[in-house]
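Worksheet: the structure to be examined is printed underneath.
All values below were derived from every heavy atom in this structure, side-chain atoms included, with hydrogens, water molecules and symmetry-related copies excluded.
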Amino acid sequence: MEEGKKIKHTTGTRNKLAGLVLVIAILVGFPPLLSSYWVGLLTEMLIFATLAMSLDILVGYTGMPSLSHAGFFGVAAYTVAILSTRHQAGFWLCLLGGIAMGVFAGAVLGLFVSHVKSVYFLMITLALGMVLWGLSYRWIPMTGGDNGISGIPSLEAHTGLPLAGPLPFYYVTLFVFALCGSLMALFVSSPFGHTLKGIRESESRMSSLGVNTWLHRYLCYIVAGAFASVAGILWAYYNGFVSPSYLDLTASVELFFMVTLGGAGTLVGPALGAGIIVFLKNFISAYTDRWLLILGTVYILAIFFAPRGLWNRFLRKARNRERITSRP
Amino acid sequence: MTEKQTGFGHRKGSNVENTVPCLALENLTKDFGGLRAVAKITLSIQPGERHVFMGPNGAGKTTLFNLISGEIPATDGRIVLFGRDVTQLASYQRAALGIARTFQITNLLPNLTVFENLLLACEALSRTKFVMLWPVSRYGHLLERAQHLLNDFGLGELRDEPVKNISYGDQRKVEVALSLATRPRLLLLDEPMAGLSSSETHSMDLLLKKLDPAITVLLIEHDMDVALAFAEKITVLHQGQVLAQGTKDEIRTNPMVQEIYLGVDVE
Ligand SMILES: Nc1ncnc2c1ncn2[C@@H]1O[C@H](COP(=O)(O)OP(=O)(O)O)[C@@H](O)[C@H]1O
Ligand SMILES: [Mg+2]
């Protein structure tokens with residue numbers, strides 16, 4: 001019995017490791033063979049994958065279904081835009097400023113959301129998301145309103161490193177994605193992350209055991225905001241301009257859908273979900289402008305086909321297969 | 001190891017002064033709208049006491065526990081724990097002072113495994129719960145404690161099962177195990193036996209008897225035999241008020257209790 005368990009465990013770990021190596025090999029080795037359109041698309045996928053994973057910390061691990069998460073992304077992107085175009089700030093200041101503003105936004109907004117649960121949480125984050133979008137749209141002297149802010153220097157010009165062209169930017173993004181992904185994976189497997197899962201399962205149980213659940217939710221909200229800010233900073237440099245369109249409700253809903261389509265509470269799933277959604281969006285909007293209609297259809301199919309997300313479905317299938325093959 | 005000799009959940013160095021009551025309630029009251037679920041209850045519990053609360057359904061027993069543990073705020077009155085007024089404290093703060101409880105309606109972390117449930121309970125009062133950048137597997141002493149609890153409660157076989165998949169009887173065991181994981185000084189057990197089969201009841205009964213005598217235990221229990229076997233003192237609640245209180249002999253012979261609550265059971 002013990003033996004069997006051990007063997008099953010190691011094949012599981014080996015498969016995981018093999019999968020990881022394969023994915024890294026593809027992400028590192030393939031892009032030089034692709035056209036710059038595809039490299040750009042992959043870059044976008046990775047940026048949104050980072051963002052979606054940071055939302056997963058809230059949705060999947062803590063049970064905080066935030067509808068304003070794109071706000072952090074936007075706050076950081078706007079910070080980079082404002083600092084670099086109006087104040088001629090250097091790269092490091094933009095980087096640190098973007099993260100600091102994201103953390104600050106998390107610390108302030110967290111005060112409003114951390115004590116609210118379930119549907120009320122959805123409502124209040126929805127409202128906060130609208131406020132942030134409203135700010136970006138209407139606070140024209142600061143944000144440029146509908147026109148946004150353009151003229152953000154390229155990463156090459158800003159850092160002084162030889163990073164011209166889509167491919168080097170892609171590798172920078174890949175590095176940031178891998179770094180953030182590893183940190184988030186560590187975060188969810190830490191004692192803090194485990195406590196978050198406990199709070200998701202039963203808040204009253206955790207507080208009767210002695211956990212200040214409010215504080216844990218609050219800190220988690222800030223951490224998730226910090227990771228979303230990193231994605232926002234990448235996005236600002238990638239695009240060279242920022243506009244309110246990445247702060248509106250559709251953006252937050254799309255983001256939320258990336259998480260649920262891929263499988264909340266898995267980190268891998270939401271990254272996958274982000275890749276799929278970004279791909280579909282780019283691909284389909286080349287042919288039709290009914291992107292939302294198609295997104296809706298995909299959503300309905302997903303609910304029927306994989307209600308707990310694609311990655312969870314895959315994991316269950318893999319586990320079942322293992323059980324069948326390991327049977328004598 | 002010392003736990004084996006002295007019983008479950010033994011606290012190191014728990015020399016409680018006998019002068020201060022472990023728990024004192026003063027005119028404790030809870031209103032739900034117009035309903036007075038707990039009405040001006042005053043009582044005092046000594047350290048190490050085994051105290052059973054009885055009373056018909058809706059008498060206010062669970063509400064009383066919720067007030068003591070800080071689950072819900074009191075409408076009026078005071079709760080004094082180890083000589084300290086805790087009426088305004090949140091439940092996690094009271095837990096840090098040494099209260100632990102079980103829930104009448106099983107309240108576990110259903111999608112986590114039995115071991116993860118215990119591990120979270122073990123780290124709930126330590127500062128480790130704030131560590132964000134080390135995997136939990138690094139904390140050997142916590143893992144060890146969780147494993148100890150697992151073995152003590154005979155749940156070893158179920159270690160990696162999600163709690164939602166194990167039997168009701170085992171869930172009730174996990175419920176008690178979680179409450180002991182924080183090494184409480186005051187333990188509130190809300191009907192731990194309810195709904196168990198007779199063999200499960202028996203093993204739960206043994207569990208309760210093996211509890212560290214230094215822990216003060218308040219138990220809500222309907223079964224008169226279990227109550228009498230367990231407790232030195234019994235409080236009978238009725239419509240939010242204390243109907244009778246005393247040693248088990250006093251309660252057994254109290255005519256009012258016999259009429260209202262025990263009438264059916266005795267004779
Ligand atoms: N959260 C609540 N809201 C409204 N009424 C409640 C609530 N909790 C308990 N009650 C009412 O308070 C009374 C006492 O309930 P409870 O303490 O659960 O009784 P017991 O545990 O003794 O069976 C009951 O009439 C119950 O309906
Ligand atoms: Mg009850």
Side-chain angles (χ1 to χ4, degrees), chain A residues 1-2 4-6 8-9 12-13 57 60-63 115 179-180 182-224 226-227 263-266 308 312 316 319, chain B residues 65-66 69-72 90-103 105-113 116-139 142 157 159-160 162-164 174-175 178-184 188:
Chain A
M1 174 110 188
E2 270 298 303
K5 241 185 195 162
K6 227 173 236 165
K8 222 164 92 187
H9 186 67
T13 320
I57 290 180
Y61 289 92
T62 321
H115 64 280
L179 182 69
C180 289
S182 315
L183 285 176
M184 286 189 253
L186 197 53
F187 177 77
V188 299
S189 65
S190 71
F192 189 90
H194 270 254
T195 311
L196 293 176
K197 283 192 239 175
I199 293 170
R200 174 194 73 197
E201 293 294 309
S202 168
E203 185 158 3
S204 60
R205 169 47 93 179
M206 291 309 284
S207 54
S208 81
L209 284 172
V211 175
N212 181 351
T213 56
W214 182 88
L215 184 60
H216 261 74
R217 287 155 63 97
Y218 181 67
L219 292 175
C220 168
Y221 192 73
I222 295 174
V223 168
F227 282 112
T266 60
R308 297 189 50 228
N312 277 322
R316 211 184 52 224
R319 225 172 286 140
Chain B
F65 271 27
N66 286 341
S69 71
E71 209 76 20
I72 54 174
S91 63
Y92 74 89
Q93 293 168 313
R94 299 188 200 185
L97 291 176
I99 292 191
R101 68 168 299 179
T102 70
F103 292 83
I105 296 162
T106 307
N107 186 355
L108 303 170
L109 315 169
N111 287 299
L112 303 186
T113 66
E116 287 170 324
N117 269 261
L118 293 173
L119 187 59
L120 277 173
C122 289
E123 74 171 39
L125 285 181
S126 78
R127 299 200 61 78
T128 313
K129 66 177 180 247
F130 288 110
V131 173
M132 293 185 189
L133 286 178
W134 289 109
V136 73
S137 51
R138 229 180 76 107
Y139 294 89
L142 288 176
E157 295 275 299
R159 186 182 192 277
D160 297 318
V163 151
K164 64 176 178 188
V174 177
E175 186 82 31
L178 287 190
S179 70
L180 286 175
T182 51
R183 299 184 168 136
L188 313 178

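Within the 4.5 angstrom heavy-atom criterion, no atom of B:Ala90 approaches chain A. Looking at A:Leu215, the atoms closer than 4.5 Å to chain B (heavy atoms on both sides) all sit in the side chain, from C-beta outward. Proximity to chain A is limited to the side chain of B:Glu116, based on heavy atoms less than 4.5 angstrom apart. Proximity to chain B is limited to the side chain of A:Val223, based on heavy atoms less than 4.5 angstrom apart. Of the atoms belonging to B:Leu178, heavy atoms from both backbone and side chain fall under 4.5 Å from chain A. Using a 4.5 Å cut-off between heavy atoms, A:Ile199 does not touch chain B at all.
Of the listed residues B:Ser69, B:Ala181, B:Ser91, the one with more heavy-atom pairs under 4.5 angstrom with chain A than any other is B:Ser91.
Taking the centre and axis of the six-membered ring of A:Tyr221, the NZ or CZ atom of A:Arg217 falls outside the cone set by 45° and 6.0 Å.
Qualifying ring-ring contact (aromatic ring centres under 6.0 Å, His included) partners for A:Tyr218, counting only residues two or more places apart in sequence or in other chains: A:Trp214. Looking at residues two or more places apart in sequence or on another chain, you find no salt bridge (Lys or Arg N to Asp or Glu O under 4.0 Å) involving A:Glu201.
We find that B:Glu175 and A:Arg205 are joined by a salt bridge, their nearest charged nitrogen and carboxylate oxygen being less than 4.0 Å apart.
Smallest separation of non-hydrogen atoms from A:Thr213 and A:Glu203: OG1-OE2, 2.7 Å.
Under the 30°/60° scheme for interplanar angles, the aromatic rings of A:His216 and A:Phe192 are found to lie parallel.
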